[in-house]
> 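The structure is given below, and queries will be raised subsequently.
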Amino acid sequence: MASGKDLSVVICGGAGYGVQTVEDILAKVLKRSGYHVFATREYMSRVRGGNNSTEIRISSTPVDGMVDEIDLLVVLSPGVRENIRRRITQNTVIAADRSSVGEEFEKTDGAFFDVPLGEMAKEAGGAVYANVIAAGLVLGIVDASTDQAEEYFLSRFGKKGDKVVDENRSACGKGLELGRSIADKFPDLAPPKKDDTSSRRVMNGVQAVSLGAIAGGCDFVTAYPMSPATGVLAFAAQNASDFGLAVEQVEDEISAVNMAVGASYAGASPMVTTSGGGFSLMYEGFSLAGVAETPLVVHLAQRPGPATGMATRTEQGDLNLAVHAGHGEFPRLVLAPGTIEEAYSLTARAFEIAHRYQVQSVVMTDQYLLNTFRDVDPDDLIAAKPDKCLVTSGPGYRRYEDVPNGVSPRSVPGLGKGIVGCDSHEHDEEGHVFEDFDLRVRMSDKRFRKGELLKEDFVPADIRGPENWTRLVLCWGSTGPIVSEALRDLKLPDTALMRVRQIWPVAEDVAAAVERADELIFVEGNHDGQLENLIKSVTGRSAQGHLRNYCGLQFSVEQVRMGLSEILG
Amino acid sequence: MTDPRIFDLPEADLAWCPGCGDFKILEALKKALADMDMAPEDVVVVSGIGQAAKTPHFMKCNFLNGLHGRALSHATGVKAANPKLTVVAVGGDGDMYGEGGNHFLHTVRRNPDIANFVYNNMVYGLTKGQASPTSPKGMVTPVQTRGVSSEPVNPLALAIVQGATFVARAFSGDVDHTAEMMKAAIEHRGYALVDIFQPCVSFNKTNTFKWFKDHTYRLEDEHDSSNRSAALSLAMETERFPLGILYREEGRPTFEDSLGIYEKDDTPLHRRSPDVDKVRETIDSMT
């Protein structure tokens with residue numbers, strides 16, 4: 001389409017109906033056909049049944065935010081939930097099997113298109129193929145490459161034999177044909193820019209965090225399974241032998257963090273992956289890492305709390321948790337990636353800094369980001385060469401030598417002839433308990449000098465907008481690309497967007513931008529305005545407005561666009 | 001044979017009460033390590049919190065003095081990061097069986113190659129005399145004013161039932177035997193528990209030196225330590241407690257073995273460099 005419009009497809013189905021397979025087919029075949037793809041998933045806390053959905057945006061230019069708009073709704077099983085139904089407009093085409101969904105869409109807007117998915121699936125080889133037909137339907141509408149579809153099924157099912165490949169092909173082919181027949185219902189869709197995406201790779205948040213960790217030098221992963229952090233544990237376990245990772249599913253989060261601290265003391269580069277409830281249990285071990293100055297990375301995948309909250313949903317409610325984690329005082333780094341590329345690069349960065357300054361890094365993602373995938377340029381995935389910053393110890397080695405910048409030369413047991421001590425108590429330079437009030441002050445000051453370095457060696461915020469901006473919209477983490485798209489649509493001549501990527505310590509660039517702004521507007525996925533409060537506590541500046549979302553689902557571009565226009569008059 | 005004094009830390013201020021059983025355990029530990037020709041830099045003593053957990057501050061070797069109850073998790077991590085180190089986890093009965101009860105249970109199952117020495121005086125010493133998980137029923141304390149009502153933990157039976165590959169008991173009053181048990185535990189490949197009876201002279205007026213003397217006996221040579229049921233039945237004895245190796249099973253894979261990363265290469269993690277090229281290859285293979 002001339003206007004360059006993308007296609008927003010939502011696929012709904014109960015758990016077990018193969019929504020994820022549709023995602024996978026579409027992501028791979030569309031990307032190989034030259035389209036840019038973005039997808040995000042929302043799901044209920046149940047193993048079978050219910051009704052989950054995936055939104056896939058198919059575009060000729062890169063997109064990475066979630067929209068409310070649905071151009072095509074593909075329904076695999078009845079019982080589509082209200083959060084999807086309310087997004088159906090007159091412009092939505094609903095593709096569903098009337099014999100399955102009955103009158104479910106009688107009273108909604110949108111054009112109903114009866115697709116006999118059940119019958120067609122039987123013809124293709126069995127009811128299980130309904131989802132493949134649905135994928136084919138989408139591929140037909142956008143006129144995706146049939147060669148790429150063929151290749152996909154061969155590479156995915158080749159090992160299972162010709163019959164499986166053929167049945168999948170046939171199912172997809174039926175869908176493709178049907179899709180082509182209704183392509184004229186979507187006249188605005190822009191064709192792909194051929195070859196534009198061939199060097200790009202489709203990656204989800206889980207893969208980005210996991211690979212970023214390994215690129216950053218991670219070699220030890222412990223966790224207790226907890227949504228939405230479990231994917232990273234599973235990725236680590238499934239790829240452990242390829243990358244030489246030690247991976248253990250531990251009895252609880254307490255052991256996960258303490259095993260990681262033990263490993264770090266002995267020279268590993270560990271990560272624990274968890275969600276809010278799990279991280280709460282890790283506070284004690286996190287504090288130990290703080291006083292012991294053992295590098296540690298925590299991947300904190302947010303979901304709504306308190307306690308169990310909404311176990312499979314999304315929120316940005318744990319900023320305070322991360323910034324204030326632990327008892328007593330010690331410096332730490334808190335990073336919040338907003339995109340798939342940053343999930344990779346900032347996780348790697350978390351390791352780099354943890355080792356450089358012997359501190360603890362928290363990487364904050366959330367359910368939305370982890371369950372999002374898009375095509376990325378591999379050159380945008382940035383990681384420094386891993387360096388554990390270790391020294392070989394000599395006979396008189398003292399682990400906590402009080403050096404000017406606070407970063408004592410770090411050795412580990414077995415690396416040299418020295419003795420390496422490590423203590424949870426306040427300790428002397430060798431690590432031995434020594435209850436002395438002057439020593440306490442000296443050691444605390446030593447640790448906090450490292451904290452100063454985190455302010456200097458910081459991850460800059462991403463500031464974009466017209467040069468002469470006077471109004472600053474601030475956000476953090478996964479809402480970033482959504483706010484960015486909304487602001488692009490609003491075309492405000494005086495407004496810039498600042499995505500804060502280093503949450504703690506607050507760096508100079510953030511403070512300077514806040515200082516410069518006449519007006520501050522915060523957009524965040526929580527009730528209390530946690531970033532807003534943090535920035536106020538550091539800079540003294542109050543916000544002129546804010547937009548907050550804490551329903552359990554991510555903001556959509558439209559919600560932010562509308563919300564900001566209301567605030568900005 | 002090395003001189004145990006190489007493990008001495010001359011400037012250490014031993015903060016135990018005069019007459020405490022811990023002194024003898026420390027002596028036995030140094031003796032065991034010296035008998036095995038260990039050097040201080042090859043050994044890591046890991047502990048949690050409590051009087052017993054102060055041990056690594058009173059001797060010369062690598063040490064991680066961590067958190068209450070978490071020593072076994074720390075120790076498992078240390079060993080997994082560098083299997084070449086000799087890792088000893090020490091602590092009291094409250095530390096290991098109370099606060100660390102869950103980790104004890106799962107460390108036994110995991111079978112890391114660490115030696116676990118539990119200084120068992122059946123009372124909380126550091127916090128001044130409350131009941132511990134091994135306190136006898138009926139013991140009156142400032143908190144258990146009507147007497148301990150819970151059943152005491154039976155650490156040996158628990159360990160055997162959960163598949164521990166080495167289970168022994170010692171009494172600190174016999175330094176040589178305690179050192180022998182420690183050596184056997186360190187030599188054992190896999191998790192090795194030595195529960196060491198030790199009198200708390202300040203807070204346990206019931207289980208005194210004499211009481212332990214009267215209520216323990218040395219296992220006969222005839223005991224077949226590979227017989228799990230026989231070991232379990234010995235562990236269940238509570239009138240008089242057997243001292244010695246109750247159970248020993250060789251050849252079970254350790255936690256470090258199960259990680260797979262040392263199968264072809266025994267280099268500790270701190271000497272390895274991650275294969276960053278492989279990350280690139282993986283990304284390139286993603287379509």
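Note on naming: letters A, B, ... go to the chains in the order of the sequence lines (proteins, then strands), and numbering restarts at 1 for each one. Atoms considered below: every heavy atom in the structure, side chains included; atoms not considered: hydrogens, waters and symmetry mates.
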> Where does A/K31 contact chain B at under 4.5 Å (heavy atoms): side chain, backbone, both or neither?
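For A/K31, the contact with chain B is made by the side chain alone.
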> Quick check on A/Y344 against chain B: is it the side chain, the backbone, both or neither that has a heavy atom closer than 4.5 Å?
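The side chain, not the backbone.
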> Contact between A/I419 and B/P40 at the side-chain level, heavy atoms closer than 4.5 Å - yes or no?
yes
> Is the closest side-chain heavy-atom distance between B/E11 and A/H432 below 4.5 Å?
no
> Check whether any side-chain heavy atom of A/I254 sits under 4.5 Å from a side-chain heavy atom of B/H103, and report yes or no.
yes
> Taking A/K417, A/R399, A/E248 one by one, which has the highest count of heavy-atom pairs under 4.5 Å against chain B?
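Looking at each of A/K417, A/R399, A/E248 in turn, A/E248 comes out on top.
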> Shorter than 4.5 Å, heavy atoms on both sides: which option in A/I214, A/V247, A/D252 has the most such pairs with chain B?
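Most heavy-atom pairs under 4.5 Å with chain B: A/D252.
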> How about A/D242 and B/E281: do any of their side-chain heavy atoms sit closer than 4.5 Å?
no
> Measure up the B/H57 and A/H425 rings against each other and bin them: parallel (under 30°), tilted (30 to 60°), perpendicular (over 60°).
perpendicular
> Can you confirm whether B/R280 sits close enough to A/P378 that some side-chain heavy atom of one is under 4.5 Å from a side-chain heavy atom of the other?
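SC-SC contact between B/R280 and A/P378 confirmed.
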> Quick check: do B/L269 and A/K388 have side-chain heavy atoms less than 4.5 Å from each other?
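SC-SC contact between B/L269 and A/K388 confirmed.
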> What part of A/R201 gets within 4.5 angstrom of chain B, counting heavy atoms only: side chain, backbone, both, or neither?
both
> With a 4.0 Å cut-off on N to O distance, would you call B/R109 and A/E251 a salt bridge?
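Judged by the 4.0 Å cut-off on N to carboxylate O distance, B/R109 and A/E251 do not form a salt bridge.
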> Supply the atom-to-atom distance A/S424 OG to B/H74 NE2, rounded to the nearest 0.5 angstrom.
7.0 Å
> For A/P386, is it the side chain, the backbone, both, or neither that has a heavy atom closer than 4.5 Å to a heavy atom of chain B?
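For A/P386, the side chain is the part near chain B, not the backbone.
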> Under a 4.5 Å heavy-atom cut-off, does chain A meet the side chain of B/F255, its backbone, both or neither?
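Only the side chain of B/F255 comes within 4.5 Å of chain A.
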> Rounded to the nearest 0.5 Å, what's the gap from CE on A/M259 to OG1 on B/T107? Could you check?
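Result: 6.5 Å between the selected atoms.
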> Side-chain contact test, heavy atoms from C-beta onward, threshold under 4.5 Å: evaluate it for A/V250 versus B/R110 and give yes or no.
yes
> Taking atom CG of A/D423 and atom OG of B/S47, what is their separation to the nearest 0.5 Å?
7.5 Å
> State, with a plain yes or no, whether a side-chain heavy atom of A/Y265 is found less than 4.5 Å away from one of B/V46.
no
> Taking every heavy-atom pair that is under 4.5 Å apart, which of A/V261, A/L381, A/L390 has the most such pairs with chain B?
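Highest number of pairs under 4.5 Å: A/L381.
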> Given the options B/S285, B/A80, B/C61, which has more heavy-atom pairs under 4.5 Å with chain A than any of the others?
B/C61
> Between A/S241 and chain B, with a heavy-atom cut-off of 4.5 Å, which part of the residue counts as in contact: side chain, backbone, both or neither?
neither
> Is it the backbone or the side chain of B/D42 that comes under 4.5 Å from a heavy atom of chain A, or both, or neither?
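For B/D42, neither part sits under 4.5 Å from chain A.
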